[in-house]
Amino acid sequence: MKVLKVDAIRNGTVIDHIPAGRVQRVMAILKPRSTDVVMMGMNFPSKAMKKKDIIKIEGRELTQNEVNSIALIAPHAKVSIIRDFQVAQKSTVQIPERIEGLVVCPNPKCITNAEPMMTIFNLEDSSSRELACQYCERVFTADEMAHV
Ligand SMILES: [Zn+2]
């Protein structure tokens, strides 16, 4: 596949190092507004990840809370806030204390997989990146959850 250069943005947010194939799930979580100009790049070559996806949102600066909500889908994402074509701020994503309705429970016997209900996970340990399902009480690592 030929790789095209994605246009630089003047003001907004760039999310880099999204695992290839996950860009649409990340977009679903970020829920762009109808006025946002969004560029999505897929399968960019990456030394660290082989292939990666990238999102650029023109005219909107995502907050740390907003970007943290993608932490389970793109745990190693790098977020840059762009102002006047320059990187004004760089951050990584951190798993929030509580994640509601964004990911499914990896436990097939969990009630959340049987009933139409919202999942809730609470961060147990930020250093080992473990989360507990509020319903079945099982504990999963962030990587286990990202692969569901
Ligand atoms: Zn569960």
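All ligand and atom numbering here is 1-based and tracks the order in the structure. Side chains are part of it too, since the values below use all heavy atoms of this structure and drop only hydrogens, waters and symmetry mates. For the single chain, residues carry numbers from 1 onward in sequence order. All values reported here derive from a predicted model rather than from experimental measurement.
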Task: Distance below 2.8 Å from the Zn ion (ligand 1): protein N/O/S atoms - done: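 Only Cys105 SG, Cys110 SG, Cys133 SG, Cys136 SG fall inside 2.8 Å of the Zn ion (ligand 1).
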
Give every donor-acceptor pair under 3.5 Å between a side-chain atom in residues 84-92 and any protein atom, sequence neighbours left out.
unit_1: Asp84; atom_1: OD1; unit_2: Arg10; atom_2: NH1; d: 3.2
unit_1: Ser91; atom_1: OG; unit_2: Gln64; atom_2: OE1; d: 3.4

Open item on the list: Applying salt bridge (Lys or Arg N to Asp or Glu O under 4.0 Å) as the test, list every pair that has at least one member in residues 95-110; sequence neighbours left out.
Closed with: Arg98-Glu100

TODO: Indicate whether any N or O donor in one side chain lies under 3.5 Å from an N or O acceptor in the other, for Asp125 and Ser127.
DONE: yes

- [ ] Identify, with sequence neighbours excluded, every residue that meets side-chain hydrogen bond (donor to acceptor under 3.5 Å, both in side chains) alongside Arg60.
- [x] Asp36, Glu66

Open item on the list: Quick check: is Ile18 connected to Met40 through a chain of hydrophobic side chains (ILVMFWY, heavy atoms under 4.5 Å apart)?
Closed with: yes

Task: Joint cluster assignment, Leu102 & Leu131, ILVMFWY side-chain distance < 4.5 Å - done: yes

